[in-house]
Amino acid sequence: MKIGIIADIHLPKKERPPRPEPGKKPEPVPEDPTTVKVKAFYEKAKAEKYDFVFNLGDLISDSGDENANYMTASMFSRSMISSTVNTYYVLGNRDSMCLPKDLLLHCSETLGGAYQFKKDDTLFVALDANYSCDGKAYAPGFSDWTDSYIPEAQLDFLKKQLSRDDFKQAVVVCHQRLDFFMDGLEHVNPHVVSNAEAVRDIINASGKVALVLQAHYHSGDDVEQNGIRYYTQPAFFKNGVYSVLTIDENGISIEKETI
């Protein structure tokens, strides 16, 4: 199984083409460099026959105009659908602060952006940490990205999925970081979900999670904690970095590449 991983694209506002003069064809709007690179990534994903792509969130940058944000995301999503490479979206803080949550993936009404699927012997469980600590879902107008939280319903969902007996190994996916990552000597880094320890307790207790995929922290990271690998995907918008996750009889490997 080969999976493309991309995150923190931060697409700029998609401009509408200007109205043409009567009798003339409209002038095309040049693609911004980030969009060009993402399309090149999908061309490679198609050529190399990736099973699917994980987009780990923060698809767009906030233009300050909700309609413009919607147009940017929906036009991009349509073009990616036409690439014929299936993409699983994980909602990022920017996405959830700018757009309705159901724009980029099919969400459960009770669990928000949490979902699961199984491919071969691997179970994938995606979590949505775009909630404030008081349990309120991010919505347009909310701006404190450091206040992230995974609701109790999702903790129960994760525990239930990991207790299944129909898979060999599991991969847990979230936009925000779930590992233990300190900011200096006294404080947990703000890119980490506020109740990440509770999530890790469930992950550790299951004994079946081989990998946690996350993003949000633009520099990226790759650490092992309690025998579990926590891979933080670097931001794509900076240097066109993506990763290729391979799962086969030899185990799990991740290669970082650049467009």
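The chain is numbered in sequence order, starting from 1.
Looking at Asp128, its side chain never comes within 3.5 Å of a backbone N or O of Ala114 through a donor-acceptor pair. Side chain of Gln233 to main chain of Leu56: no donor-acceptor pair is present (N/O by atom type, distance under 3.5 Å, no hydrogens or angles). Listed for the Asp144 side chain is a donor-acceptor partner under 3.5 Å among the backbone atoms of Thr146. A donor-acceptor pair under 3.5 Å is formed between the side chain of Asp95 and the backbone N or O of Leu59. Side-chain N or O atoms of Ser194 include one that pairs as donor or acceptor with a backbone N or O of Ser148 at under 3.5 Å. Remark: side-chain polar atoms of Asp147 are paired, donor with acceptor, to backbone N or O of Cys133 under 3.5 angstrom.
For the salt bridge (Lys or Arg N to Asp or Glu O under 4.0 Å) test, residues two or more places apart in sequence or in another chain that qualify with Asp51 are Lys119.
Two different hydrophobic clusters hold Ile6 and Val241 under the rule that ILVMFWY side chains link at heavy-atom gaps under 4.5 Å. Grouping the Ile, Leu, Val, Met, Phe, Trp and Tyr side chains by contacts below 4.5 angstrom, directly or via other members, places Ile60 with Tyr242.
Annotation: Glu224, atom CD; neighbour count of heavy atoms from other residues, nucleotides and ligands within 6.0 Å is above 12. Around the NZ atom of Lys118, the shell of radius 6.0 Å holds more than 12 heavy atoms that belong to other residues, nucleotides or ligands. Annotation: Lys168, atom NZ; neighbour count of heavy atoms from other residues, nucleotides and ligands within 6.0 Å does not exceed 12.
Val90 places none of its side-chain heavy atoms less than 4.5 Å from the side chain of Leu213. Contact of the Ile228 side chain with the Val172 side chain is not registered, since no non-hydrogen atoms from C-beta on lie closer than 4.5 Å.
Each of Phe167, Tyr88, Tyr115, Phe117 was evaluated against Phe124; a single residue qualifies, Phe117, per the ring-ring contact (aromatic ring centres under 6.0 Å, His included) test.
For the atom pair CD of Glu197 and CG of Asn204, the computed distance is 10.0 Å after rounding to the nearest 0.5 Å. Between atom CD of residue Glu43 and atom CD1 of residue Ile259 there is a gap of 8.5 Å, rounded to the nearest 0.5 Å. Atom CD of Gln176 and atom CG of Asn93 lie 5.5 Å apart (nearest 0.5 Å). With rounding to the nearest 0.5 angstrom, the SG atom of Cys174 is 4.5 Å from the CD1 atom of Ile150. In this structure, the separation between CG on Asp32 and CG on Leu11 is 6.5 Å, given to the nearest 0.5 Å.
Ionic pairing of Asp222 and Lys256 is not present here: no N-O contact between side-chain nitrogen and carboxylate oxygen is shorter than 4.0 angstrom.
The aromatic rings of His10 and Phe237 lie parallel to each other, with less than 30° between the two planes, well short of the 60° mark.
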